[in-house]
Amino acid sequence: MHWADVIANEVIKKGGKHLISTGISPSGFIHVGSLREAITANAVFKAMKDKGADVELIYLVDDYDPLRKRYPFLPECYEKEVGRPLCQIPCPGDHCHESYGHHFIQPFLDAIGEMGIKPHVYFTHELYEQGRFAELTDLVIREKDKVAQILKEVTGRDVPPNFWPVSPQCPECGHFTDKVTGYEYPYVHFKCGCGHEGKADIRKGEAKLPWRIEWAAKWKILGVTCEPFGKDHAAAGGSYETGERFSRDLFGIEPPFPIPYEFIQFKGKGQMHKSTGIVVTGTDALMITPAPVLSFSVLRYNPERHIDYDPGLGILDVVDEYDQVEAMYFNGGAEDKDKDFLRAYEIAQPKCVRTKLPLHVPYRHLVSLVQISDGFEGIVDILKRTENVAELLPEDREVLQERVNCVKHWLANFAPEDVKFSVAAELPQMTLSDQDKVLLRAFHDALAKVEWKGDNIHNAVYECAKGAGVQTKVAFQLLYGIFINKKQGPRLGYFLSTLDRNFVLDRIAAAMN
RNA sequence: GGGCCCGUAGCUCAGCUAGGUUGAGCGAUCGGCUCUUAACCGAUAGGCCGUGGGUUCGAAUCCCACCGGGCCCGCCA
């Protein structure tokens with residue numbers, strides 16, 4: 001059974017209404033690893049729905065969290081924003097979003113939307129402003145000794161002296177402060193580091209709970225019954241463990257069913273990190289990987305396994321495998337061991353599963369086609385001409401279009417050099433032997449007569465090479481050299497057939513002189 | 001100091017939850033399609049299942065220890 005179904009069954013066992021929660025603190029570019037959380041949550045959500053459960057999926061944008069530091073991508077003037085909540089910091093783009101938090105979360109929400117993940121989105125700062133945390137904040141402050149006790153028991157560390165489980169936001173400097181001087185509902189009195197003294201109303205979003213407590217509070221306020229989270233939270237003494245205690249001992253609820261998951265790593269370079277400059281954002285990943293393929297490539301692994309994300313050649317294998325599973329899904333032939341793959345395929349569909357096998361153009365071939373042809377229609381023409389395809393259904397065009405776009409972005413940003421080529425605008429510099437020229441002469445003559453089809457051109461290469469007494473290998477290298485200035489390339493006959501005949505003849509003629 | 005994951009073919013991984021002759025894909029090699037070249041097909045090779053113990057009639061699978069690799073917590077979120 002696929003892991004999403006296993007988890008779904010576990011969660012359903014507890015009965016009642018269910019809420020799967022996921023979210024992030026939108027402090028910067030959201031990398032591909034964060035997609036895993038959304039995909040994981042969505043997979044369980046879908047699995048539970050399939051089983052008839054009453055379940056909802058939400059996404060919490062923690063934009064009341066403070067900016068932790070000025071990241072390298074931020075201009076110097078953001079130095080003063082450090083410590084202020086993300087929802088109140090100006091957009092670091094060209095005023096394209098209403099806040100810092102929105103600027104980073106919106107593209108991400110768009111990205112998961114493309115994968116068919118459409119949770120109900122909450123912005124944490126709004127929950128605070130609406131006073132939804134007020135009751136629990138009051139409880140937590142009144143029970144602060146118990147809170148301190150739990151933190152100590154779980155983490156093994158003493159809380160600082162004069163501990164208050166709440167951080168008021170100073171209206172003067174906008175920073176959160178831990179210098180609390182007293183509490184009487186609904187006001188937290190404080191003396192900020194900037195010198196300002198005041199009181200914060202916990203009903204109006206003027207004070208924030210510390211993260212570990214806030215997490216558990218959200219479980220209670222929203223009724224969360226299941227939540228995936230990165231392994232960082234899952235460690236012993238980690239935040240999930242404190243969350244469990246707060247839930248049971250303070251809030252009187254059962255903590256949500258946990259789904260700890262491993263991170264996605266950048267192949268060969270360790271974990272992705274903003275500071276190293278190696279960042280593949282969720283949006284990047286979707287630009288080079290068709291949405292269902294990306295989903296599938298996450299769903300095929302158990303959450304506890306780490307995934308190496310290879311934005312290079314690895315992408316091609318992933319797409320190939322996806323296509324293979326897709327073919328199995330529609331054509332049958334799956335064995336027991338493939339069942340989980342089929343299920344992963346099913347869950348990975350952004351919309352609903354197609355009624356018949358979609359058009360398959362081998363992805364590697366598409367990589368060639370995209371480089372041969374100018375536009376989308378040109379690619380369609382080549383496909384038709386080379387008899388791979390008769391007519392394209394609208395859905396097939398959609399899939400093909402998405403893939404063509406992905407291939408283009410991939411070629412532009414991630415593809416290794418040896419798969420790239422382009423038709424040389426002019427004859428590359430090269431020295432030819434007499435034998436080469438004899439071959440070209442023969443080839444020129446042959447091509448002038450032959451029907452302009454890939455097969456025929458391809459055959460002509462062999463015939464001419466034989467006739468001229470040249471090794472076919474040499475002949476191919478010569479021709480690739482003339483047209484793309486490389487020693488190898490896409491299947492030559494088909495490649496040339498996509499070019500204009502006169503252009504091809506002229507180029508060969510030019511090479512002979 | 002603590003926690004998690006991984007170690008099976010050159011590479012990526014299945015198989016481990018219910019012990020019973022290790023599998024697949026890619027790659028490689030060879031071959032086929034009148035044609036070695038990045039669309040196809042076929043065949044072949046390739047593995048003391050990290051190491052050492054234990055349980056068992058029998059262990060890749062369960063238990064223990066160790067080695068190696070990756071990551072996380074012990075600041076904050």
Side-chain angles (χ1 to χ4, degrees), chain A residues 1 3 6 23-27 33 62 64-69 83 85-86 124 154-157 160 167 176 178 208-215 229-242 260-265 267-268 270-271 297 300-308 310 313-314 316-318 320-321 324-325 335-338 340-341 360-369 371-372 382-383 386-389 418-421 454-466 471-477 479-480 486-495:
Chain A
M1 197 171 11
W3 57 262
V6 174
I24 199 169
S25 184
S27 57
D62 288 330
Y64 197 48
D65 290 351
L67 183 67
R68 287 167 57 198
K69 61 176 184 182
L86 303 173
T124 306
V154 176
T155 65
R157 291 172 62 87
S167 301
F176 290 102
D178 56 1
K208 186 181 184 313
L209 291 170
W211 144 252
R212 285 181 185 242
I213 303 168
E214 182 183 283
W215 196 20
F229 47 83
K231 62 133 122 221
D232 46 342
H233 301 305
S239 47
Y240 182 73
E241 206 175 316
T242 47
Y261 62 89
E262 267 279 355
F263 295 157
I264 297 184
Q265 306 193 131
K267 180 157 188 187
Q271 209 211 336
S297 65
R300 54 175 291 205
Y301 297 107
N302 289 335
E304 68 267 20
R305 275 189 87 109
H306 85 257
I307 295 177
D308 283 323
D310 176 8
L313 281 178
L316 303 181
D317 292 335
V318 170
D320 281 348
E321 180 172 28
Q324 211 169 26
V325 171
E335 296 169 34
D336 269 4
K337 64 185 170 65
D338 302 315
D340 286 353
F341 280 151
H360 276 178
V361 178
Y363 205 62
R364 279 158 215 274
H365 182 45
L366 203 55
V367 170
S368 295
L369 292 184
Q371 297 181 88
I372 291 170
I382 295 173
L383 287 175
T386 52
E387 290 171 41
N388 218 352
V389 180
D418 56 341
V419 302
K420 295 191 203 174
F421 69 90
D455 287 351
N456 305 337
I457 300 170
H458 201 69
N459 290 338
V461 181
Y462 289 100
E463 280 159 20
C464 294
K466 253 183 218 163
Q471 275 190 310
T472 47
K473 180 177 184 171
V474 176
F476 274 98
Q477 288 185 353
L479 290 164
Y480 282 124
K486 297 183 91 170
K487 288 197 165 177
Q488 56 175 23
R491 301 276 279 191
L492 190 65
Y494 301 100
F495 165 54

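Computed from a predicted structure; not experimentally measured. Lettering of chains follows the sequences in order, A, B, ..., and the numbering in each one begins at 1.
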Please classify the nucleic acid contact of [X] as base, sugar-phosphate, or nothing, using heavy-atom distances under 4.0 Å.
X: Thr155(A); result: nothing
X: Val419(A); result: base
X: Gly230(A); result: nothing
X: Asn459(A); result: base

[atom1] atom, [N] versus [M]: distance in rounded Å?
N: rU21(B); M: rC66(B); atom1: P; result: 32 Å
N: rG10(B); M: rG47(B); atom1: P; result: 7 Å
N: rA60(B); M: rG68(B); atom1: P; result: 24 Å
N: rC5(B); M: rG46(B); atom1: C1'; result: 28 Å
N: rU22(B); M: rA9(B); atom1: C1'; result: 11 Å
N: rC41(B); M: rG23(B); atom1: P; result: 23 Å
N: rA43(B); M: rC48(B); atom1: C1'; result: 28 Å
N: rG74(B); M: rG3(B); atom1: C1'; result: 11 Å

To the nearest 0.5 Å, tell me how far Asp65(A) CG sits from Thr124(A) OG1.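 Asp65(A) atom CG to Thr124(A) atom OG1 measures 7.0 Å (nearest 0.5 Å).
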Who are the side chain to side chain contact (heavy atoms under 4.5 Å, CB included) partners of [X], not counting sequence neighbours?
X: His306(A); answer: Glu262(A), Gln265(A), Asp308(A)
X: Asn302(A); answer: Trp3(A), Glu304(A)
X: Glu241(A); answer: Val154(A), Ala236(A), Glu244(A)
X: Val318(A); answer: Val293(A), Ser297(A)

Could you list the residues that satisfy salt bridge (charged side-chain N to carboxylate O under 4.0 Å, His left out) with [X], not counting sequence neighbours?
X: Lys486(A); result: none
X: Glu214(A); result: Lys208(A), Lys218(A)
X: Glu321(A); result: Arg300(A)

How long is the line joining [atom1] of [X] and [atom2] of [N], in whole Å?
X: Leu492(A); N: rA38(B); atom1: CG; atom2: P; answer: 11 Å
X: Leu369(A); N: rA39(B); atom1: CG; atom2: C1'; answer: 9 Å
X: Leu86(A); N: rA77(B); atom1: CG; atom2: P; answer: 12 Å
X: His233(A); N: rG74(B); atom1: NE2; atom2: C1'; answer: 15 Å
X: Ile457(A); N: rU34(B); atom1: CD1; atom2: P; answer: 18 Å
X: Tyr261(A); N: rC72(B); atom1: OH; atom2: C1'; answer: 12 Å
X: Tyr301(A); N: rG15(B); atom1: OH; atom2: P; answer: 11 Å
X: Asn302(A); N: rA14(B); atom1: CG; atom2: C1'; answer: 11 Å

From rU34(B), rC72(B), rC13(B), pick the nucleotide closest to the side chain of Asp232(A)?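 That would be rC72(B).
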Could you go over nucleotides 25-31 of chain B and give all protein N or O partners under 3.5 Å, atom names and distances?
none

Under 6.0 Å between ring centres, would you say that holds for Tyr240(A) and Phe229(A)?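 Yes; Phe229(A) has its ring centre under 6.0 Å from that of Tyr240(A).
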Ring centres of Phe421(A) and Phe495(A) under 6.0 Å apart? yes
Can you name the side-chain hydrogen bond (donor to acceptor under 3.5 Å, both in side chains) partners of Ser167(A), sequence neighbours left out?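 With sequence neighbours excluded, Ser167(A) shows a side-chain hydrogen bond (donor to acceptor under 3.5 Å, both in side chains) to no residue whatsoever.
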Would you please name every residue forming a side-chain hydrogen bond (donor to acceptor under 3.5 Å, both in side chains) with Ser239(A), sequence neighbours left out? His233(A)
Check: Tyr261(A) main-chain N/O paired with Arg305(A) side-chain donor or acceptor under 3.5 Å: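 Answer holds: no.
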Identify, between Gly238(A) and Tyr480(A), the residue whose nearest nucleotide on RNA chain B lies closer to the 5' end. Tyr480(A)
Taking for each residue the nucleotide of RNA chain B with the nearest heavy atom, is it Gln477(A) or Asp62(A) whose nucleotide lies nearer the 5' end? Gln477(A)
Stem list, RNA chain B (Watson-Crick or G-U pairing under 3.5 Å, at least 3 consecutive pairs):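 For RNA chain B the paired stretches long enough to count as stems (3 pairs minimum) are B:1-7 with B:67-73, B:10-13 with B:23-26, B:28-32 with B:40-44, B:50-54 with B:62-66.
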Could you list all N or O pairs between the protein and nucleotides 3-5 of chain B that sit under 3.5 Å apart?
unit_1 : atom_1 : unit_2    : atom_2 : d
rC4(B) : O2     : Lys231(A) : NZ     : 3.4
rC5(B) : O2'    : Glu304(A) : O      : 3.4

